[in-house]
Amino acid sequence: MVKVYDDFSEINTVAGVDVAYDKEANELVAGIVVIDLDSFDVIDSNWARAKQNFPYVPGLFSFRELPSIIKCLRDIKIAPDLFVCDGQGIAHPRRFGLASHLGVLFDIPSIGCAKTKLLGEFVEPEVMRGAYSYLFDKDEYVGSVLRTQSNVKPVFVSPGHRVSIESSVEYVLKLSPNYRLPETTRMADQLVRQQLKAGN
DNA sequence: GCGACAG
DNA sequence: ATCTTGTCGC
C-alpha cells in the first residue's frame, strides 16, 4: 500500500505528469517530462494518447487519466526518482489519489500537487512564499496548503507514495521557484498543449 | 435535503 | 479539463 513516510535514497531526477482532454477525438493526451533536479534540464520526455474509457468523476480520477499516463511512460528511458502529479495524493476519500496510484503502480516516490482541493479543511497559510498550513480530513492530516509564490493562491500538496508531508512541501517548493505550479508540471503541460496544437 | 466535488 | 469578456482586488 501507500507509504506516507520518506523511503528513498536520493532524488536527482523528477518527472512531471500532466494530462489534457482532446474533446474532438474524445481522447486523453498525457505528457511526461523528466528533469534533472539541480539544473532543471530536461533529460527525457514523451507523450501519448488514449481513448477516454472512463468519465471524470471526483474521487475516481485515476481511472480516467492513468491509461494515457501508463502508455506514455512505456517509452521513457530514464526512470525518475520522483513523480509530481497534477492532482491529489492521499488527500483523497480513500487516501489513494492519482499520485498515490501512480506511485504504487511503479513503486516510485510520488507527490500530488493540485490547483484546488478535493477534500479537507485548512486555515489560510501566510502570504509569503514557503508558508503552509496543514490540510486535514476529520482528525487526519492528509497534506498541506502551500504558498509557492508570495501573494498568490496556494497549491494543495499531498504525499503520493514513499514521501512524507514535510518532504512533499520541500520538493514542491524547490520545483516552483518562479511560478505557482512546479516547473515539472508546467513543462508537461506545455508538451501536451504543443501536441494538441500541432494536431497530433 | 443541501453543499462540495482533483482534471 | 475547456470555452471566453468583462470585472474585481491589490
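These figures come from a predicted structure and were not determined experimentally. So that the names make sense, note that chain A is the first sequence line, chain B the second, and so on, each numbered from 1.
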- Query: Please give, in whole Å, the distance from dA4(B) P to F122(A) CZ?
  - Reply: 13 Å

- For DNA chain B, find the residues of residues 84-109 of chain A with a heavy-atom distance under 4.0 Å and give them by number; none if there aren't any. D86(A), G87(A), Q88(A), H92(A), G97(A), L98(A)

- Output yes when at least one side-chain N/O atom of R64(A) is less than 4.0 Å from OP1 or OP2 of dA6(B), else no. no

- Item | R186(A) to Y179(A), cation-pi by 6.0 Å centre distance and 45° axis angle | yes

- Spacing between Y56(A) atom OH and dG7(B) atom P, to the nearest angstrom: 7 Å

- Item | D107(A) side chain near R162(A) side chain, heavy-atom distance below 4.5 Å | yes

- Task: Respond yes when some side-chain nitrogen or oxygen of T116(A) is under 4.0 Å from OP1 or OP2 of dG7(B), and no when none is.
- Result: yes

- Query: Between H101(A) and F96(A), what is the ring plane arrangement, given parallel below 30°, perpendicular above 60°, and tilted in between?
  - Reply: tilted

- Task: Would you please indicate yes or no on a ring centroid separation below 6.0 angstrom for F156(A) and F122(A)?
- Result: yes

- Atom pair CG/OG1 of D81(A) and T13(A) - distance to nearest 0.5 Å: 3.5 Å

- What's the verdict on side-chain hydrogen bond (donor to acceptor under 3.5 Å, both in side chains) for T185(A) and D18(A), showing C-alpha distance, side-chain angles and the deciding distance? CA-CA 6 Å; T185(A) 302; D18(A) 192 39; over 6 Å; no

- Query: Less than 5.5 Å between centroids and less than 30° between ring planes, does F61(A) satisfy that with dG7(B)?
  - Reply: no

- Item | F54(A) CZ to dA6(B) P, straight-line distance once rounded to whole Å | 15 Å

- Could you tell me the separation between the NZ atom of K115(A) and the C1' atom of dC5(B), rounded to a whole number of Å? 15 Å

- Stepwise salt bridge (Lys or Arg N to Asp or Glu O under 4.0 Å) check, D22(A) with R49(A): CA-CA 9 Å; D22(A) 185 338; R49(A) 283 177 171 275; 2.8 Å; yes

- Do L98(A) and I32(A) share a hydrophobic cluster, counting only Ile, Leu, Val, Met, Phe, Trp and Tyr and linking them when any side-chain heavy atoms are less than 4.5 Å apart? yes

- Message: Is it the case that the ring center of Y134(A) lies less than 6.0 angstrom away from the ring center of Y132(A)?
- Response: yes

- Please, what dot-bracket string fits DNA chain B when only Watson-Crick and G-U pairs with both distances under 3.5 Å count, crossing ones use [ ] and pairs to another strand use |? .......

- Message: Once you apply a heavy-atom cut-off of 4.0 Å, does G59(A) come out as touching a base, just sugar-phosphate, or nothing?
- Response: base

- Task: Please state how far atom NZ in K23(A) lies from atom C1' in dT2(C), giving the value in whole angstrom units.
- Result: 7 Å

- Query: Separation of F156(A) atom CZ from dC5(B) atom C1', in whole Å?
  - Reply: 13 Å

- Task: Measure the distance from CG on L60(A) to P on dA4(B) and round it to the nearest whole Å.
- Result: 21 Å

- Item | Protein-nucleotide distance (D189(A), atom CG; dT2(C), atom C1'), rounded to Å | 12 Å

